[in-house]
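For reference, the structure is listed below as structure tokens.
Position 1 is the first residue of the sequence, and the numbers go up from there. Every value quoted in this text rests on a predicted model; they were computed, and no experiment measured them.
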Amino acid sequence: MNDILPIILSIVAALAVIGGLIPVLLKTRKNITQYPGTRDANDPVTPQGGGTLLEDAPVAPAERTAPAGVDLDGLETADVPDNAAGLETIQVETPLPVAGRLTRLRERLVRSNNILGKGLLALLSSDKIDENVWDEVEETLLLADLGTEPTMQLVDALRERVKVLGTRTPEQVKALLREELIKLVDPTMDRSLNTTRHADKPAVVMVVGVNGVGKTTTVGKLARVLVAEDKDVLLGAADTFRAAAAEQLATWGQRVGVPTVKSDVDGADPASVAYEAVKAGIDQEVDVVMIDTAGRLQNKVGLMDELGKVKRVIEKLAEVDEVLLVLDATTGQNGLNQARVFSEVVNITGIVLTKLDGTAKGGIVVAIQKSLGVPVKLIGLGEGADDLAPFEAEGFVDALLN
């Protein structure tokens with residue numbers, strides 16, 4: 001018995017040590033992100049000691065399982081902090097349904113001081129419409145960032161219809177202006193988001209744009225739109241150059257129960273993070289993976305090339321279904337120039353217009369679509385979490401004219 005006792009005590013002590021090390025090991029597991037298969041000549045090599053990815057989601061640790069094929073030695077689970085530890089718990093929110101968003105956005109646009117609709121109505125309702133009035137109509141359209149070609153097209157159409165109409169009532173003027181504006185905004189363009197899961201892979205959405213337009217915020221808001229549509233979403237924080245971008249995105253995700261794949265290394269390779277996010281999305285069988293990219297200055301050739309590389313690396317795993325370009329509507333023609341440059345690097349499939357509050361910038365919708373042949377798919381009119389909604393041509397024009 002005396003011989004067995006030391007052995008039993010040794011076993012108990014060893015088990016206690018192992019039990020104490022398990023939480024530490026779970027918190028410090030690391031992995032070097034690797035590319036699959038054959039590398040492109042310009043694919044970056046992940047530096048040694050970096051590339052650890054984190055996955056944030058407000059779920060209990062017991063509910064999280066290792067997705068098939070994912071090496072959990074390369075992922076760290078960062079769950080919602082526990083109040084018992086003196087930290088704030090992030091509450092999972094229920095996003096507004098899409099229908100409610102559209103109503104709120106239209107009401108806000110109606111209340112805004114837009115010059116596009118109201119200015120034109122005032123001019124065309126004048127007792128006498130002479131060349132001076134038409135000059136003012138043209139100036140109003142140009143100030144609203146409609147663009148030269150669409151302005152000429154609309155003025156010519158209005159001239160012809162007013163001439164044929166003869167006598168005009170405010171109701172007649174509003175009706176013809178509505179018809180012509182809707183034609184310009186083009187309700188025939190496909191504005192649906194390609195976020196339907198494929199048979200064995202999630203839909204992949206990349207979000208691009210220059211610094212300061214609100215890409216990370218837009219990704220977070222769009223995640224709320226998709227969650228409101230009962231889709232399973234995973235976010236990828238590939239903006240590794242802006243210090244707070246990954247944490248900001250993870251916070252947006254936590255608010256609606258959406259996980260975020262991000263790097264714990266400042267300045268990590270964006271393509272690697274994007275690749276790991278899509279890989280995790282495939283293994284976890286989510287519906288949509290959304291990739292937030294860095295705010296690349298359109299005149300920085302190297303950064304633009306890198307954006308193209310991120311897309312190529314993602315396509316090693318899955319097709320990129322949407323590339324959404326985020327533009328600040330208040331930048332007017334400068335935003336149009338940005339759109340042209342980005343369209344040369346990646347195949348832009350849709351535009352997200354932020355800050356479209358109707359203050360002299362409503363025409364940018366038409367200008368961008370005419371220039372690129374790409375539809376405006378989403379608009380935002382405010383800073384609220386649910387102030388992003390699908391764009392509707394007729395609803396937009398009606399809001400301008402009311």
Side-chain angles (χ1 to χ4, degrees), residues 106 108-189 191 325 327-341 343 351 353-376 379 381 391-402:
R106 281 196 293 264
R108 189 168 300 173
L109 191 55
V110 167
R111 293 195 302 268
S112 68
N113 184 27
N114 74 80
I115 68 169
L116 178 56
K118 294 175 182 177
L120 290 178
L121 276 177
L123 289 169
L124 294 175
S125 298
S126 303
D127 293 335
K128 181 182 179 182
I129 300 183
D130 54 19
E131 286 302 316
N132 290 332
V133 171
W134 287 118
D135 288 343
E136 289 186 55
V137 169
E138 183 177 321
E139 183 179 357
T140 299
L141 293 171
L142 291 173
L143 286 173
D145 286 328
L146 195 70
T148 304
E149 182 181 343
T151 292
M152 295 300 102
Q153 180 181 339
L154 181 55
V155 169
D156 289 344
L158 290 174
R159 275 178 179 267
E160 183 63 26
R161 295 197 65 177
V162 167
K163 181 179 179 181
V164 172
L165 190 61
T167 58
R168 303 171 312 284
T169 65
E171 290 75 18
Q172 289 174 317
V173 170
K174 184 175 180 178
L176 72 88
L177 184 54
R178 179 182 186 275
E179 289 178 19
E180 295 302 329
L181 283 174
I182 288 176
K183 286 180 186 178
L184 275 182
V185 178
D186 195 354
T188 65
M189 297 187 90
R191 302 179 194 279
L325 173 63
L327 294 174
D328 181 338
T330 63
T331 61
Q333 293 299 309
N334 187 44
L336 183 57
N337 294 333
Q338 294 170 15
R340 291 193 186 103
V341 175
S343 68
I351 305 293
L353 278 181
T354 62
K355 303 178 185 177
L356 188 63
D357 58 4
T359 54
K361 300 299 178 183
I364 195 64
V365 171
V366 174
I368 288 175
Q369 293 184 161
K370 284 285 186 182
S371 176
L372 299 182
V374 174
V376 173
I379 59 170
L381 295 176
F391 179 80
E392 289 184 346
E394 294 189 8
F396 174 68
V397 171
D398 287 339
L400 289 179
L401 297 178
N402 288 322

Passing option when Leu123 is tested against Asn132, Val137, Val173 for side-chain contact (heavy atoms from CB on, under 4.5 Å): Val137

Answer yes or no: is there a side-chain heavy-atom contact under 4.5 Å between Leu184 and Leu146? yes

Any side-chain to backbone donor/acceptor pair from Thr354 onto Ile379? Under 3.5 Å, distance only. no

Output for pair (Asp328 CG, Ile364 CD1), nearest 0.5 Å, gives 10.0 Å

salt_bridge(Lys163, Glu160) N-O dist < 4.0 Å: no

Going by the salt bridge (charged side-chain N to carboxylate O under 4.0 Å, His left out) test, which pairs reach into residues 129-143, not counting sequence neighbours? Glu131-Arg159

Glu179: partners by side-chain hydrogen bond (donor to acceptor under 3.5 Å, both in side chains), with sequence neighbours left out: Arg161

Which residues pass the salt bridge (Lys or Arg N to Asp or Glu O under 4.0 Å) test with Lys370, not counting sequence neighbours? none

Going from CD on Gln153 to CG on Leu158, what distance comes out if it is rounded to the nearest 0.5 angstrom? 10.5 Å

Can you tell me if Ser343 uses its side chain to pair, donor with acceptor, with the backbone of Arg340 under 3.5 Å? yes

Salt bridge Arg178-Glu394, side-chain N to carboxylate O under 4.0 Å: yes

Taking atom CG of Asp156 and atom OG1 of Thr151, what is their separation to the nearest 0.5 Å? 10.5 Å

